[in-house]
Amino acid sequence: ITPDSSSRLIYVSSSEGNDDKARYYSPSEVGDIDTPVNIIPFQSIAKAYKHVRKGRPDWILLKRGDSFELQSTLYLQSGESKNAPMVLTAYGNDKTRPVVDSKNFTALMMGSKSHIAIAGIELYPSKLDPNSTGFSGWGNMKQNAIGIASISGSQSDNILIENVRVSYYKNNIVIGGGGGHKNVVIRRNEILNAYSDTGHSQGASIAYVDGLLIEENLFDHNGWYQQRPLSVALNTKSYGYATWFNHNAYIIDSANMI
């Protein structure tokens with residue numbers, strides 16, 4: 001993916017950014033997109049995202065090795081076209097994906113949006129990870145927390161999710177909605193440890209897609225957190241017990257799939 005000449009490049013760094021002095025840049029201003037020179041990044045995703053335009057090929061780039069806390073769900077805008085998408089990705093020399101912590105709520109939401117690429121980041125809800133010091137405790141998963149959600153009321157086209165690590169959400173990835181999707185690519189991601197203690201959970205839950213490619217992903221330990229003791233009734237959801245309703249991937253009513 002390469003920026004369009006009209007793209008805004010909006011850099012964000014929690015370690016080096018300054019929300020008061022930062023601005024967006026054109027591709028011609030920064031040299032190498034991945035290792036820009038002489039830029040002042042934003043510090044917060046929320047401030048940076050105010051500069052993303054509807055229906056334009058704008059980029060949000062998070063600094064690799066940095067961690068970010070979302071205060072609320074980030075609602076992504078449509079890009080301009082298949083070849084000029086809106087992009088959420090990473091930059092910098094560090095080999096570690098930037099981590100976006102959405103605590104206990106949905107991280108990224110697309111509602112009837114098209115031409116979007118999400119690549120090279122990590123999504124993680126610290127309050128839902130039983131191994132985290134910030135874990136909110138069993139029985140507190142009150143929200144249907146999703147890592148990446150595209151829920152269409154009218155048709156959505158051209159969604160790419162690539163090289164993303166997403167873990168510990170009730171559903172790590174959801175592509176659905178009655179409006180349907182065309183041309184969805186889920187490639188080379190780590191989709192891990194989805195679970196719920198209140199309802200059904202999947203690594204990827206997908207419905208009503210025409211044209212779906214799922215390629216070279218790692219799906220592991222999705223749908224449940226721990227095995228159910230024999231003394232507990234079958235399909236009990238408490239404490240993230242495994243049930244027969246929960247899967248690495250659950251796909252219905254879709255066509256032209258690879």
Side-chain angles (χ1 to χ4, degrees), residues 49 52-58 70 72-88 100 102 104-119 121 123 125 128 141-162 164 166-187 189 191 194-215 217 219 222-224 235 237 243-258:
Y49 203 75
V52 173
R53 300 165 293 176
K54 296 180 180 179
R56 301 303 302 276
D58 294 340
L70 288 180
S72 60
T73 299
L74 192 64
Y75 289 84
L76 301 184
Q77 301 287 355
S78 289
E80 185 173 287
S81 67
K82 181 178 181 179
N83 295 322
M86 180 268 157
V87 179
L88 174 60
V100 179
S102 64
N104 65 349
F105 52 82
T106 294
L108 306 179
M109 175 66 78
M110 298 168 273
S112 302
K113 299 296 190 292
S114 297
H115 317 309
I116 295 173
I118 303 165
I121 65 173
L123 301 171
L128 300 181
M141 187 179 276
K142 297 177 181 178
Q143 302 190 50
N144 185 22
I146 302 169
I148 300 173
S150 182
I151 312 297
S152 65
S154 56
Q155 184 175 297
S156 297
D157 295 338
N158 304 317
I159 304 296
L160 169 67
I161 303 169
E162 183 164 10
V164 173
V166 55
S167 58
Y168 288 108
Y169 290 91
K170 182 175 182 180
N171 294 282
N172 282 329
I173 295 174
V174 174
I175 308 292
H181 286 74
K182 294 193 75 172
N183 303 322
V184 174
V185 176
I186 300 174
R187 178 192 290 125
N189 303 285
I191 301 167
Y195 82 96
S196 175
D197 61 0
T198 60
H200 301 331
S201 168
Q202 325 294 341
S205 179
I206 297 171
Y208 312 119
V209 176
D210 182 6
L212 171 67
L213 173 63
I214 300 178
E215 181 178 51
N217 299 277
F219 285 86
N222 290 290
W224 56 285
N235 292 323
K237 304 179 185 70
T243 81
W244 63 33
F245 298 103
N246 304 333
H247 308 277
N248 274 305
Y250 190 87
I251 304 171
I252 64 167
D253 295 325
S254 295
N256 299 309
M257 296 180 289
I258 301 174

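Because the structure is a prediction, the values reported are computed rather than measured.
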Audit row: Ile186, Leu213, side-chain contact (heavy atoms from CB on, under 4.5 Å) steps and yes/no: CA-CA 6 Å; Ile186 300 174; Leu213 173 63; over 6 Å; no

Side-chain contact, heavy-atom cut-off 4.5 Å: [X] with [Y]?
X	Y	answer
Pro125	Asn104	no
Thr106	Leu108	no
Lys237	Ser196	no
Ile214	Ile258	no
Thr243	Trp224	no
Asp157	Val184	no
Ile159	Val185	no
Ile116	Leu160	no

Tell me, yes or no, whether the heavy-atom count around Phe219 atom CZ, taken from other residues, nucleotides or ligands under 6.0 Å, exceeds 12. yes

How many angstroms lie between atom [atom1] of [X] and atom [atom2] of [Y], to the nearest 0.5 angstrom?
X	Y	atom1	atom2	result
Asn246	Ser201	CG	OG	5.5 Å
Ile148	Asn189	CD1	CG	7.0 Å
Ile191	Leu123	CD1	CG	11.0 Å

Look only at the side chain of [X] and the backbone of [Y], and say whether a donor-acceptor pair between them is shorter than 3.5 Å.
X	Y	answer
Asn171	Ala204	no
Ser152	Gly180	yes
Asn183	Gly211	no

Residues forming a side chain to side chain donor-acceptor pair (under 3.5 Å) with [X], sequence neighbours excluded:
X	value
Asp210	Asn256
Tyr195	none
Arg187	Glu162, Glu215
Ser102	Tyr169

Which heavy atom of [X] sits nearest a heavy atom of [Y], and at what distance?
X	Y	answer
Met86	Val52	CG-CG1, 4.4 Å
Tyr49	Leu74	CG-CD1, 3.8 Å
Phe105	Leu70	CZ-O, 3.3 Å

Residue pairs, two or more places apart or on separate chains, that pass side chain to side chain donor-acceptor pair (under 3.5 Å) and touch residues 76-87: Arg56-Glu80

What pairs meet the side chain to side chain donor-acceptor pair (under 3.5 Å) rule with one or both residues in residues 107-116, with sequence neighbours excluded? His115-Asn158

Sequence neighbours left out, what passes side-chain contact (heavy atoms from CB on, under 4.5 Å) with Ser254? Give chain and number order. Ile206, Val209, Ile251, Met257

Using the ring-ring contact (aromatic ring centres under 6.0 Å, His included) criterion, which residues pair with Tyr250? Sequence neighbours excluded. His247

All ring-ring contact (aromatic ring centres under 6.0 Å, His included) counterparts of Tyr75, not counting sequence neighbours: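 Listed in chain order: nothing, the list is empty.
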
Check the pair Asn222, Asn172 against side chain to side chain donor-acceptor pair (under 3.5 Å), reporting the backbone distance first and the verdict last. CA-CA 9 Å; Asn222 290 290; Asn172 282 329; 3.1 Å; yes

Residues Arg53, Asp58: salt bridge by 4.0 Å N-O rule: yes

